[in-house]
Amino acid sequence: TMAATKASKEQKYDRQLRLWGDHGQETLENAHVCLINATATGTEILKNLVLPGIGAFTIVDGHTVSGEDAGNNFFLSNNSIGRSPDKLLDNDPEFFHRFTIVIGVQLPESTCLRLGSVLWNASVPFLICKTYGLIGYMRLVVQEHTVIESHPDNALEDLRLDQPFEEFKNHTNSYDLDSMDKKDHSHTPWIIIVAKYLEKWLSEHNDQLPKNYKEKEAFRQTIREGIIKTDGGVPEDEENFEEAIKNVNTALNLTKIPSSIENLFNSEQCNSITSQSSPFWVMLRAVKEFVHDEGKGSLPVRGTIPDMIADSQKFINLQNVYREKAMQDAAAVSKHVECLLRSVGKPPESISEKDIKLFCKNASFLRVVRCRSLAEEYSVDSVNKDEIASYMDNPDSEMVFYLMLRAVDRFYQQHSRYPGVYNYQVEEDINKLKVCVNSLLQEYSLSVNIKDDYIHEFCRYGAAEPHTVSAFLGGSAAQEAIKIISHQFVPFNNTFIYNAMSQTSATFQL
Amino acid sequence: MVVDGGSGVSFEWGGRWSHIKKFLERPGPFTHPDFEPGTEGLQFLLETCKILVIGAGGLGCELLKDLALTGFRNINVVDMDTIDVSNLNRQFLFRPKDVGRPKAEVAADFINSRVPGCCVVPYPFYCVDCINLSRLFLRLEFHIIVCGLDSIVARRWMNGMLLSLLVYEDGVLDPGSIIPLIDGGTEGFKGNARVILPGMTACIDCTLELYPPQINFPMCTIASMPRLPEHCIEYVRILQWPKELPFGDGVVLDGDDPEHIQWVFQRSLERAAEFSITGVTYRLTQGVVKRIIPAVASTNAVIAAACATEVFKLATSAYIPLSNYMVFNDVDGLYTYTFEAERKENCSACRQVPQDLHFQQSSKLQEVLDFLTENASLQMKSPAITATVEGKNKTLYLQSVPSIEQRTRANLSKTLKELGLTDGQELAVADSTTPQTVMFRLCFTS
């Protein structure tokens with residue numbers, strides 16, 4: 001039955017639903033992933049997408065299974081289309097338009113560039129993965145990827161103590177710390193305490209907030225003096241006051257729109273809303289308008305407060321003040337959304353209240369990831385020389401592996417094989433590979449030094465795809481794909497290198 | 001090229017190990033100084049090397065696959081758990097039909113069928129059977145241990161076990177007695193992999209501060225001033241259930257029983273309504289009661305792969321192993337940080353020297369007990385303290401056996417002087433966090 005299936009899915013996916021929620025899960029179940037090449041790396045990526053419940057997958061692979069494949073590949077799947085990606089690009093490039101994301105594994109440079117171009121023009125995200133010896137490589141190619149729920153690890157609270165809103169002021173006015181009995185006094189939320197003492201400070205300091213360490217310390221002292229004392233003058237144990245003192249530093253953070261959000265406000269997509277604009281940009285524009293209007297220069301209030309020592313009623317009442325303000329602000333943003341939608345001829349219900357509330361709650365954490373195209377990365381005119389050269393100041397930086405992978409691709413183009421595949425080739429290929437390295441550096445006018453050891457090592461690898469490195473990349477790539485599909489958490493931008501020799505990694509923007 | 005596996009059944013085929021061979025048969029510029037290219041490396045993996053995998057869950061399943069496809073054939077796996085539906089989103093060796101069966105057995109079956117020649121032997125201990133595990137260690141002589149555990153206590157215990165096997169001759173560690181321990185851990189999108197050479201490099205206890213103790217909500221919050229939905233759930237779990245015993249006398253709350261959770265959920269909603277608290281859901285209830293840690297396939301795949309790579313390096317000397325701790329986080333892009341954790345000077349687990357305990361003569365035994373449990377570097381669970389007093393071995397306090405607990409409870413409120421303890425005296429402490437007794441030396445302060 002439908003209900004039984006839903007219940008068993010809730011059970012099965014419980015551990016991951018706690019990370020991306022039911023709505024995130026839904027995006028996975030509606031997604032159709034294309035995997036090109038069911039090598040060890042490819043099938044590991046696929047496994048890590050099938051397990052969390054990806055809706056559908058298509059494998060494009062023109063190779064037949066060899067003894068080598070059966071050695072490092074846990075799955076020899078049979079859902080594959082037995083054509084090579086190059087043939088598809090020749091005959092039916094629009095084949096790739098139907099996918100939520102295309103993941104290309106162990107693809108030569110030429111195929112990547114062709115496919116990259118098709119997918120870029122069709123706005124289909126493209127994730128390139130390669131395991132080469134003990135090196136893992138990933139490249140994300142997506143024009144524009146918006147994230148509302150980035151789930152930041154360490155987010156600052158949105159308390160507005162530096163610019164208290166009307167309802168909050170009214171709420172703090174309802175407290176008279178001096179006339180409270182001890183129990184109430186010790187169970188007043190620290191936010192109220194800081195607000196009260198701040199009010200006093202402002203009236204005594206010409207409306208100037210405590211700015212430097214000395215002033216903040218003095219401010220903390222005023223709070224400390226507010227702790228109830230016994231008849232003998234010994235301060236009582238008031239944990240809520242201790243909390244207030246401890247939180248002064250962050251509480252006094254100025255309410256500010258993060259520069260990343262300001263940048264988004266200034267972007268083209270935000271300023272020209274059309275009927276083609278995605279809900280993200282429409283809502284962002286609405287928030288921008290809110291900021292200039294009802295928000296009086298600030299984003300909509302987030303509406304959450306951290307837990308703190310307080311009795312239930314005081315805490316809940318305070319929490320409700322923030323929640324109601326957040327709802328109010330979201331409603332105001334909603335009105336702007338409606339106007340915008342109407343102005344481009346779309347029904348006002350096309351963006352739900354729920355989505356607008358979620359957007360407002362995450363207004364400080366919005367992220368937009370824009371990766372350069374492969375063409376831009378590879379073109380002599382737009383190659384990111386600075387990034388490459390500056391990392392190569394350290395000749396053992398992970399950047400050297402990026403250059404070696406490019407060189408190896410060059411070798412493949414010239415010799416129709418990878419270096420050092422057979423034992424007898426290892427020695428003689430070192431010089432051939434070195435020629436490729438030099439021609440690569442010359443073509444891009446890169447005056448960097450690549451140690452001979454790395455050239456030797458890459459011949460030694462013989463294009464091996466050892467299982468443990470494939471598995472590491474399999475996990476990494478699958479999660480990046482999930483981020484793209486679910487629009488939750490933030491994908492990397494745009495080149496990732498994993499070095500299994502040293503268990504280190506790096507991300508470059510190329 | 002077909003190699004006879006010895007039993008008459010051939011399970012080799014051309015090219016099977018060609019990926020691995022490139023790292024074992026070819027010299028290279030980054031290999032370990034001890035590395036010698038040749039065919040012996042692969043032979044060792046296939047025929048001799050013995051690996052013990054602890055845990056057949058999220059990390060364990062991945063580890064078994066990774067090791068099997070890297071050429072390891074003699075693998076033992078320990079896990080005391082049975083398969084649950086909620087495992088199926090990542091523990092890919094299990095299918096819905098396996099729910100209820102022991103993880104170690106099902107995992108071993110799957111790998112053995114799937115990877116010809118691989119021989120995984122399961123040890124599905126149905127309870128925490130420490131004695132059997134010790135026998136296993138001593139008898140089977142593992143080359144490398146890999147842990148994919150979900151508890152710090154178990155890790156520390158394993159750590160202590162390997163430390164107890166170390167042989168010192170005239171104070172010098174015999175390297176032959178070192179069994180490397182590779183430890184992996186994951187939590188949501190975060191994970192870590194570390195290489196421990198017991199007696200030589202930082203052990204689990206050396207870096208105990210990296211695992212801060214789990215903070216429980218204060219009782220007064222739970223009992224009389226809840227603010228969060230979690231407080232309401234804890235109230236029902238800790239206070240209401242023992243009082244009402246809804247499923248009968250002596251029936252303990254079982255987080256895996258949906259009926260129990262449903263009952264807690266309903267009562268929690270009532271409690272929350274009393275205080276106008278919103279947010280109690282079934283999912284949250286279950287999460288709080290079972291202390292659920294979110295988990296996905298991808299993080300486990302990454303960490304297990306890193307661990308398996310290290311097993312390969314250690315077994316073959318193909319490369320210098322990770323030295324010695326890697327942290328991974330893919331919430332925002334992909335982030336790794338690799339560093340060398342240092343051995344602690346006075347680590348209670350891996351240093352041979354008794355740790356000093358500083359107390360006054362007038363301090364009560366309870367204070368010593370509190371120190372042992374609360375100190376961030378010790379984090380003991382329920383330490384049992386014995387000492388030699390006037391030539392006789394005396395149990396000062398032991399919690400785990402009710403009769404002895406009753407007998408020794410009075411000692412907790414006695415001072416160290418009253419108990420007959422002297423300055424410089426050694427105290428022997430036993431605890432579930434370590435298989436060995438930990439020696440302390442009492443130092444009286446004035």
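Protein chains get the first letters and strands the later ones, always in sequence-line order, with residue 1 at the start of each.
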Legend entry - Side chain, backbone, both or neither of A:Met138 within contact of chain B (heavy atoms, under 4.5 Å): side chain
Inset, instruction - Flag the pair B:Ser86 / A:Arg15 as yes when at least one side-chain heavy-atom distance between them is below 4.5 Å, and no otherwise. - result: yes
Inset, instruction - Give, as side chain, backbone, both or neither, the part of A:Lys483 having an atom under 4.5 angstrom from any heavy atom of chain B. - result: side chain
Legend entry - Contacting region of B:Thr299 [heavy-atom separation from chain A under 4.5 Å]: neither
Inset, instruction - Could you check which of A:Leu17, A:Leu134, A:Thr504, A:Ile482 has the highest count of heavy-atom pairs closer than 4.5 Å to chain B? - result: A:Leu134
Inset, instruction - Heavy-atom pairs under 4.5 Å with chain A are the metric here; pick the option from B:Ala308, B:Ala297, B:Ala306 that has the most. - result: B:Ala306
Legend entry - Gap separating the OG1 atom of B:Thr221 from the CZ atom of A:Phe315, nearest 0.5 angstrom: 11.0 Å
Inset, instruction - May I ask you to decide if A:Gln503's main-chain N or O and B:Thr338's side chain share a donor-acceptor pair within less than 3.5 Å? - result: yes
Inset, instruction - For the residue pair B:Phe23 and A:Tyr461, categorise the inter-ring angle as parallel (less than 30°), tilted (30 to 60°) or perpendicular (more than 60°). - result: tilted
Inset, instruction - Give a yes or no on whether a salt bridge exists between B:Lys290 and A:Asp14, defined as a side-chain N under 4.0 angstrom from a carboxylate O. - result: no
Legend entry - Interchain contact, A:Gln313 with chain B, by part (heavy-atom threshold 4.5 Å): neither
Inset, instruction - Name the option with the most non-hydrogen atom pairs under 4.5 Å to chain A; the candidates are B:Lys313, B:Arg283, B:Glu310. - result: B:Arg283
Legend entry - Salt bridge A:Asp153-B:Lys190, side-chain N to carboxylate O under 4.0 Å: yes
Legend entry - Heavy-atom pairs under 4.5 Å with chain A, option from B:Val331, B:Leu88, B:Val296, B:Leu322 with the top count: B:Val331
Inset, instruction - Using non-hydrogen atoms and a 4.5 Å limit, figure out which bit of B:Asn329 sits close to chain A: side chain, backbone, both or neither. - result: side chain
Legend entry - B:Lys22/A:Glu465 ion pair, N-O < 4.0 Å: no
Inset, instruction - Evaluate the side-chain proximity of B:Gln91 to A:Leu51: yes if any heavy-atom separation is below 4.5 Å, no if none is. - result: no
Legend entry - Segment of A:Ser150 engaging chain B (4.5 angstrom heavy-atom cut-off): backbone
Legend entry - Beyond-backbone contact of B:Glu230 with A:Asp307, side-chain heavy atoms, under 4.5 angstrom: no
Inset, instruction - Give the ring-plane orientation class for A:Phe472 versus B:Phe328, where under 30° counts as parallel, over 60° as perpendicular and anything between as tilted. - result: perpendicular
Inset, instruction - Name the option with the most non-hydrogen atom pairs under 4.5 Å to chain B; the candidates are A:Ala478, A:Ser476, A:Ser8, A:Gly53. - result: A:Ser476
Legend entry - Proximity breakdown for B:Leu67 and chain A, heavy-atom pairs closer than 4.5 Å: neither
Legend entry - Under 4.5 Å from a heavy atom of chain A, the part of B:Ile303 involved: neither
Inset, instruction - Determine the minimum heavy-atom distance between B:Met225 and A:Ala310, stating which atoms define it. - result: SD-O, 3.5 Å
Legend entry - Partner chain B: residue of A:Ile309, A:Asp452, A:Val147, A:Val469 with the largest heavy-atom pair count (under 4.5 Å): A:Ile309
Inset, instruction - Return the option, out of A:Glu457, A:Gln16, A:Lys451, with the maximum number of heavy-atom pairs under 4.5 Å with chain B. - result: A:Glu457
Inset, instruction - Could you tell me whether B:Arg227 and A:Asp311 have a side-chain N and a carboxylate O separated by less than 4.0 Å? - result: no
Legend entry - Heavy-atom check, side chain of B:Phe312 versus side chain of A:Thr468, under 4.5 Å: no
Inset, instruction - Scan side-chain atoms only and decide if B:Asp330 and A:Gln479 contain a donor-acceptor pair under the 3.5 Å cut-off. - result: no
Legend entry - Which atoms of A:Phe458 approach chain B - backbone, side chain, both or neither, heavy atom under 4.5 Å: neither
Inset, instruction - Determine the option with the most heavy-atom pairs under 4.5 angstrom with chain A, choosing from B:Tyr337, B:Tyr335, B:Phe275. - result: B:Phe275
Inset, instruction - Please state whether the side chain, the backbone, both or neither of A:Ala506 comes within less than 4.5 Å of a heavy atom of chain B. - result: neither
Inset, instruction - Name the member of A:Ser502, A:Ser312, A:Gly133, A:Ala464 that forms the most heavy-atom pairs with chain B at distances under 4.5 Å. - result: A:Ser312
Legend entry - Electrostatic pair A:Arg460-B:Glu25, nearest N-O below 4.0 angstrom: no
Legend entry - Contact winner vs chain A - B:Pro218, B:Gly287, B:Cys220, heavy-atom pairs under 4.5 Å: B:Gly287
Inset, instruction - Heavy atoms only, distances under 4.5 angstrom: which of A:His151, A:Arg367, A:Gln319 has the most pairs with chain B? Name it, please. - result: A:Arg367
Inset, instruction - Might you point out which heavy atoms bring B:Pro27 and A:His456 nearest each other, and give the distance in Å? - result: O-NE2, 3.9 Å
Legend entry - Contacting moiety of B:Leu334, where chain A heavy atoms sit under 4.5 Å: both
Legend entry - B:Asn89 and A:Pro52, any side-chain heavy atoms less than 4.5 Å apart: no
Inset, instruction - Under 4.5 Å heavy-atom distance to chain B, tell me which part of A:Gln488 shows up: side chain, backbone, both or neither. - result: neither
Legend entry - Side chain proximity check, A:Lys47 to B:Glu62, heavy atoms < 4.5 angstrom: yes
Legend entry - Minimal non-hydrogen separation, B:Ser276 against A:Ile316, with atom names: O-CG2, 3.6 Å
Legend entry - Side-chain heavy-atom pair A:Gln11, B:Gln286 within 4.5 angstrom cut-off: no
Legend entry - Minimum side-chain heavy-atom gap B:Asp66-A:His467 below 4.5 Å: yes
